[in-house]
Amino acid sequence: MYDSSQLMGLTPASTSLSRRPSLNQESHVANQKTLSIIKPDATAANNSGAIIARFQEEGLRIAGIRKIHMSIPEARGFYAVHAERPFYNDLVAFMTEGPCVVMVLEGDNAIARNREIMGATNPAAAAEGTLRKRFATNIERNAVHGSDSPENAAIEVAYFFRTTELF
Ligand code: CMP
């Protein structure tokens, strides 16, 4: 469910992201919120600022932000949807190896926009100009996470932020 390469509507890599149509153009959602995580590989490489700047340049605003170091139970809970997948333990180990930046991004069609800006889960398949193409190493160390649906965005935002921490 988190494989962004399965999303439909991606336009050619030569098109700049800011000119790409939204993935769900028909269902425009104003002021939508989504959870974004800058993962331990990207914080360790000092890429947090460049990633945050990119979201802002693309018109997403930061409604909440915090730097955290996830515990193993916290990471296992966050990725519980993947508990049966063969990569689950490696994913939890990676997400707990160093700090992350967790953010709530807000904007029109924020869930789809964030996923367009991130690119495919596997950077080898990510379009030119996407964050994963630029900053990810491989499918496991892929720099950023973004919610994949309104239902999961609500769950994931609430996992890290109280409503009183969002502005
Ligand atoms: P993310 O968007 O954070 O959601 C789940 C993560 O699991 C994904 O990014 C990848 O970093 C990681 N992962 C590791 N191996 C795989 C795999 N084979 N398929 C999908 N996701 C994987």
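Each residue takes its place number in the sequence, starting with 1. Ligands are counted one by one from 1 in listed order, and the atoms in each one are counted from 1 as well.
Between R85 and ligand 1, no N or O atom pair is found at a separation short of 3.5 Å. Between R132 and ligand 1, at least one N/O pair is under 3.5 Å apart. Residue-to-ligand polar distances keep F87 apart from ligand 1: every N/O pair is separated by 3.5 Å or more.
A side-chain donor-acceptor contact under 3.5 Å links R132 to the backbone of V144. T43 contributes a side-chain N or O that, together with a main-chain N or O of P99, makes up a donor-acceptor pair within less than 3.5 Å.
Residue contacts with ligand 1 include K39, since one of its heavy atoms falls under 4.0 Å from the ligand.
Ligand-side atoms of ligand 1 in range of L91: 6 (C), 7 (O), 12 (C), range being under 4.0 angstrom from any heavy atom. Contact atoms of ligand 1 toward Y79: 1 (P), 3 (O), 4 (O), 5 (C) (distance under 4.0 Å to a heavy atom of the residue). Using a 4.0 Å cut-off to heavy atoms of E140, the atoms of ligand 1 that qualify are 11 (O), 14 (C).
If you look at T121 next to ligand 1, the close heavy atoms, those under 4.0 Å, all belong to the side chain. Counting heavy atoms closer than 4.0 Å to ligand 1, residue H82 contributes side-chain atoms (C-beta onward) but none from N, CA, C or O.
The ring-ring contact (aromatic ring centres under 6.0 Å, His included) pairs that include a residue from residues 146-167 are F78-Y159, F78-F160, where partners are two or more places apart or lie in different chains.
Under the 30°/60° scheme for interplanar angles, the aromatic rings of H145 and Y79 are found to stand perpendicular.
Atom CD in E140 sits 8.5 Å away from atom CZ in F87 (nearest 0.5 Å).
In I68, the CD1 atom is crowded: over 12 heavy atoms of neighbouring residues, nucleotides or ligands sit closer than 6.0 Å.
For R76, there are no salt bridge (Lys or Arg N to Asp or Glu O under 4.0 Å) partners at least two apart in sequence or on another chain.
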